Amino acid sequence: MSSEKPTGADDKRFETLSVTYGEEPDLASGVGDVTSPIHLASTYAVEGIDMDTALEDLEPDDGEFLYTRLSNPTRHAVEKRVAALEGGDHAMAFASGTSAIVATLMAAVEPGDHVVAFEDLYGGTNTMLKELFRDKLNVAVDFVDAADPEEVREATTDETAMLWMETPTNPLLRLCDIEEMAAIADDHDALLGVDNTFMGPYFQRPLELGADVVVHSTTKYINGHSDSLGGVTVLSDDDYAQEIGFLQQVGMGNVMAPFDAYMVLRGMKTLPLRMRQHEKNAAEVAAYLESHELVDAVHYPGLESHPQHDLADEQMDGHGGVLSFELAGGLEAVEHFVAALEEFTLAVSLGGVESLIEHPASMTHSPLPAEERAELGITDSLLRASVGVEHPKDLIADLERGFEAMRDATEGEVAEATSDDD
């Protein structure tokens with residue numbers, strides 16, 4: 001767990017923090033690495049026996065490293081940098097985004113507590129809240145439409161320990177008002193947690209808007225190259241951070257591996273540059289799709305047609321690189337469309353420099369029952385695109401290949417039907 005960020009972090013701008021923070025060369029060592037080495041050691045030598053110090057009480061800023069599950073210099077650099085980018089005092093890096101969410105929630109709730117969650121969450125988080133927290137840990141969970149603050153307010157009681165939000169949501173890019181959610185949580189002495197994976201700290205900083213804790217899947221934009229798995233939790237409350245740190249290091253022993261930490265550190269150096277290009281490309285792709293006759297709807301906060309476009313402008317510094325859209329046709333049309341794509345790879349995940357496309361109903365949200373997907377608006381015609389940093393004209397040409405495949409398939413069906421009639 002990272003300790004409080006050193007004086008001076010607030011004086012540096014985002015781009016500078018992304019490149020150097022947490023990796024200051026240690027000239028006293030006689031080496032002066034410009035980038036943090038990959039510290040693969042599982043254990044570290046100490047100078048002598050100290051009966052007054054417990055393993056769990058040591059802070060890495062003391063220069064004391066004992067065992068890499070408790071703290072690792074490469075992982076610690078990641079934690080320091082992400083904390084600074086999000087404006088928090090503490091960060092804990094985990095082996096995955098899911099494990100970061102589990103630890104963050106587990107540190108906040110007890111059996112008998114109550115959680116209010118956005119109904120339109122990533123399918124894995126939705127399943128986790130139901131099958132782990134509700135069914136095994138006896139935590140009541142209510143899913144509500146958090147785009148409407150009144151629904152959250154009505155669902156929140158004095159037994160509510162946590163409001164859990166994604167904004168924008170996965171895959172429909174719906175928003176909740178973070179400041180309003182924070183006010184509701186405060187009224188009931190509850191915590192507000194926000195999964196900020198889709199926007200990253202470059203476009204949105206929920207702690208500044210009143211959230212108590214923020215999580216990221218570092219696998220996505222923070223790393224940005226689809227070659228590292230991890231998650232991170234960021235917050236400023238010392239006691240809450242201590243609870244999460246205990247679960248990370250001791251209770252669960254679930255920590256980001258040194259090599260993954262190195263990859264995340266490297267990825268963050270280009271985070272601002274990548275995010276600007278992701279947004280530029282996504283805006284062009286969204287506008288193209290919105291005008292296409294074979295698209296029924298486009299979900300992207302940067303479009304003025306998005307019902308929460310004004311809120312997006314208020315609480316975000318940009319609109320991100322993820323969008324989803326409904327094709328005019330059923331599952332067969334979707335199959336023809338994605339099969340023809342060459343630049344967009346059919347794959348789960350998002351946030352990498354390459355463009356990906358996925359079918360939520362059969363991929364990320366397949367754990368949800370069909371009737372639940374229908375209630376959420378996740379149809380068989382819905383596709384989610386993570387728009388990469390390639391040239392936008394090449395991406396649009398690729399999407400046009402998909403539409404041509406849809407047209408050809410439709411013409412073939414019409415011709416076959418006419419032949420059958422003859």
Side-chain angles (χ1 to χ4, degrees), residues 86 96-105 108 115-130 132-133 141-149 151-152 155-156 162-182 184-185 190-207 209-222 231-235 299-301 306-308 311-312 315-316 318-324 348-351 358 360 363-365 367-368 372-373 375-378 382 384 386:
E86 276 286 2
S96 69
T98 295
S99 57
I101 295 172
V102 170
T104 301
L105 284 164
V115 171
V116 176
F118 209 146
E119 62 183 3
D120 184 21
L121 295 176
Y122 163 58
T125 304
N126 183 301
T127 301
M128 173 206 303
L129 285 168
K130 292 174 182 174
L132 175 60
F133 284 92
V141 181
D142 281 325
F143 294 92
V144 301
D145 179 7
D148 181 357
E151 288 204 23
V152 179
T156 307
M162 171 72 82
L163 304 185
W164 190 259
M165 300 291 143
E166 287 178 14
T167 182
T169 60
N170 182 2
L172 294 173
L173 283 301
R174 301 172 69 207
L175 311 182
C176 68
D177 187 326
I178 297 174
E179 288 186 330
E180 191 70 24
M181 297 301 106
I184 296 170
L191 296 169
L192 171 61
V194 177
D195 185 333
N196 198 29
T197 296
F198 267 39
M199 287 294 106
Y202 185 73
F203 286 136
Q204 181 171 266
R205 288 167 296 283
L207 295 179
L209 299 171
D212 295 288
V213 62
V214 172
V215 299
H216 289 274
S217 169
T218 60
T219 311
K220 314 303 193 295
Y221 284 113
I222 288 182
V232 67
T233 297
V234 185
L235 68 167
H299 310 288
Y300 182 63
H306 191 287
Q308 296 170 294
L311 175 60
Q315 71 181 20
M316 291 150 49
H319 304 113
V322 179
L323 57 88
S324 60
V348 297
S349 198
L350 57 103
E358 69 105 5
M363 297 169 74
T364 53
H365 289 68
L368 301 183
E372 193 168 329
R373 293 197 302 270
E375 290 175 4
L376 294 173
I378 301 173
L382 181 72
R384 188 195 74 192
S386 173

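Please read all numbers here as calculations on a predicted model, not as lab measurements.
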**OP:** Answer yes or no: is there a donor N or O on one side and an acceptor on the other, between the side chain of Gln315 and the main chain of Cys176, under 3.5 Å?
**Re:** yes
**OP:** State the OH-CG distance between Tyr122 and Leu350, to the nearest 0.5 angstrom.
**Re:** 10.0 Å
Original post:
Can you find a pair of side-chain heavy atoms, one from Phe133 and one from Met128, that are under 4.5 Å apart?
Top reply: yes
**OP:** Verify side-chain contact (heavy atoms from CB on, under 4.5 Å) between Val152 and Glu180, making sure each step is shown before the conclusion.
**Re:** CA-CA 10 Å; Val152 179; Glu180 191 70 24; over 6 Å; no
Original post:
Do Tyr221 and His216 touch side chain to side chain, with heavy atoms closer than 4.5 Å?
Top reply: no
**OP:** May I ask you to test the Pro168-Met199 pair for a side-chain heavy-atom distance under 4.5 Å?
**Re:** yes
Original post:
How about Val322 and Arg384: do any of their side-chain heavy atoms sit closer than 4.5 Å?
Top reply: yes
**OP:** Search all heavy atoms of Ala100 against all heavy atoms of Gly231 and return the closest pair with its distance.
**Re:** CB-C, 4.1 Å
Original post:
Which heavy-atom pair separates Asp212 from Leu235 by the least distance, and what is that distance?
Top reply: O-CB, 3.4 Å
**OP:** Begin from the C-alpha positions of Arg174 and Asp145 and carry the test side-chain contact (heavy atoms from CB on, under 4.5 Å) through to its verdict.
**Re:** CA-CA 10 Å; Arg174 301 172 69 207; Asp145 179 7; 2.5 Å; yes
**OP:** Indicate the atoms forming the closest heavy-atom contact of Gly377 with Leu172, along with that distance.
**Re:** O-CD2, 4.0 Å
**OP:** Measure across Leu105 and Met162 and return the closest heavy-atom pair with its distance rounded to 0.1 Å.
**Re:** CD2-CG, 3.8 Å
Subject >> Contacts of type side-chain contact (heavy atoms from CB on, under 4.5 Å), residue Ser217, not counting sequence neighbours >> reply: Thr197, Thr219, Lys220
**OP:** Taking His365 for its side chain and Leu121 for its backbone only, find out whether a donor-acceptor pair lies under 3.5 Å.
**Re:** yes
Subject >> Rounded distance [0.5 Å steps], CH2 in Trp164 versus CG in Asn126 >> reply: 13.5 Å
Subject >> Reported CD1-to-CG distance for the pair Ile178 and Leu311, which is rounded to 0.5 angstrom >> reply: 8.0 Å
**OP:** With rounding to the nearest 0.5 Å, note down the distance linking CZ in Phe118 to CG in Leu376.
**Re:** 10.0 Å
Original post:
Distance-only, no hydrogens or angles: does the His306 side chain make a donor-acceptor pair with backbone N or O of Ala312 under 3.5 Å?
Top reply: no
Subject >> Heavy-atom pair of closest approach, residues Met181 and Ala146 >> reply: CE-O, 4.0 Å
Original post:
About how many Å separate CD of Glu166 and CG of Leu175, when rounded to the nearest 0.5 Å?
Top reply: 12.0 Å
Subject >> Glu375/Glu119 under side-chain contact (heavy atoms from CB on, under 4.5 Å): CA gap, chis, key distance, verdict >> reply: CA-CA 10 Å; Glu375 290 175 4; Glu119 62 183 3; over 6 Å; no
**OP:** May I have the step-by-step check of side-chain contact (heavy atoms from CB on, under 4.5 Å) for Gln204 and Thr167, ending in yes or no?
**Re:** CA-CA 9 Å; Gln204 181 171 266; Thr167 182; 3.9 Å; yes
Subject >> Euclidean distance, Ile184 CD1 relative to Glu151 CD, rounded to 0.5 Å >> reply: 11.0 Å
Subject >> Closest contact, heavy atoms only, Ser386 versus Gly351 >> reply: OG-N, 3.0 Å
Subject >> Ser324 side chain to Pro171 backbone, donor-acceptor under 3.5 Å >> reply: yes
